[in-house]
Amino acid sequence: MIGLLSPIALFNGVALLVLQLLEPISQIPPVLERFGAFESPLHLPVWLNIALGVAAALASTERALRLRYHRLLDNVAD
């Protein structure tokens with residue numbers, strides 16, 4: 001069950017991070033002029049942000065300690 005939940009937690013953590021980083025980056029004047037403003041569709045409470053961050057950190061630790069391969073997360077050239 002943990003092996004199934006860890007990739008899901010990692011994908012959710014990355015998606016949330018991207019959405020939260022795009023909003024302040026889009027407020028930089030040169031970026032704002034070229035692409036316009038971006039408003040994140042997700043506005044989560046602080047406790048949920050922390051919980052999702054901790055879950056992503058635990059999932060990445062679990063993956064590192066178990067050394068499991070996942071084709072979407074571990075893209076390695078043959």
Side-chain angles (χ1 to χ4, degrees):
M1 187 65 148
I2 292 173
L4 177 68
L5 292 178
S6 73
I8 294 169
L10 285 174
F11 285 129
N12 286 340
V14 169
L16 181 64
L17 178 66
V18 167
L19 285 176
Q20 289 181 344
L21 283 177
L22 279 176
E23 192 167 358
I25 289 173
S26 72
Q27 299 304 318
I28 298 171
V31 177
L32 182 62
E33 290 174 7
R34 180 161 177 114
F35 299 107
F38 174 79
E39 185 175 339
S40 178
L42 293 175
H43 296 285
L44 302 176
V46 174
W47 66 268
L48 187 54
N49 273 329
I50 292 171
L52 290 174
V54 168
L58 289 174
S60 64
T61 303
E62 182 271 335
R63 290 195 39 76
L65 292 175
R66 290 183 65 194
L67 298 174
R68 300 268 321 248
Y69 176 81
H70 190 278
R71 66 181 178 88
L72 295 175
L73 296 175
D74 304 319
N75 189 8
V76 179
D78 290 325

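Quick note: residue numbers are just sequence positions, from 1.
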Discussion item. Could you measure the distance from the OG atom of Ser40 to the CG atom of Leu22? Nearest 0.5 Å is fine.
Written reply: 8.0 Å
Worksheet item: Among the clusters formed by ILVMFWY side chains lying less than 4.5 Å apart, do Leu58 and Phe11 turn up in the same one?
Response: no
Fill in: Value rounded to 0.5 Å, distance of CG in Leu52 from CH2 in Trp47
8.5 Å
Response to the item:
Separation between CG (Leu17) and CG (Asn12), nearest 0.5 Å, reads 12.5 Å
Worksheet item: Honestly curious: do Val31 and Val18 fall in one hydrophobic cluster under the side-chain, below-4.5 Å linking rule?
Response: no
Fill in: Exercise: identify the closest heavy-atom pair between Ala9 and Ala56
O-CB, 4.0 Å
Worksheet entry | Verify same cluster id: Leu48, Leu42 (apolar side-chain graph, 4.5 Å) | yes
Item to complete: Report the distance from atom CD1 of Ile28 to atom CZ of Phe35, rounding to the nearest 0.5 Å.
Response: 11.5 Å
Worksheet entry | Same apolar cluster (I L V M F W Y, side chains within < 4.5 Å links), Leu44/Leu19 | yes
Item to complete: Would you check, one step at a time, whether the test side-chain contact (heavy atoms from CB on, under 4.5 Å) holds for Glu62 with Leu5?
Response: CA-CA 10 Å; Glu62 182 271 335; Leu5 292 178; over 6 Å; no
Worksheet, complete the sentence: Nearest heavy-atom approach of Leu10 to Ala59 is CG-CB, 3.9 Å
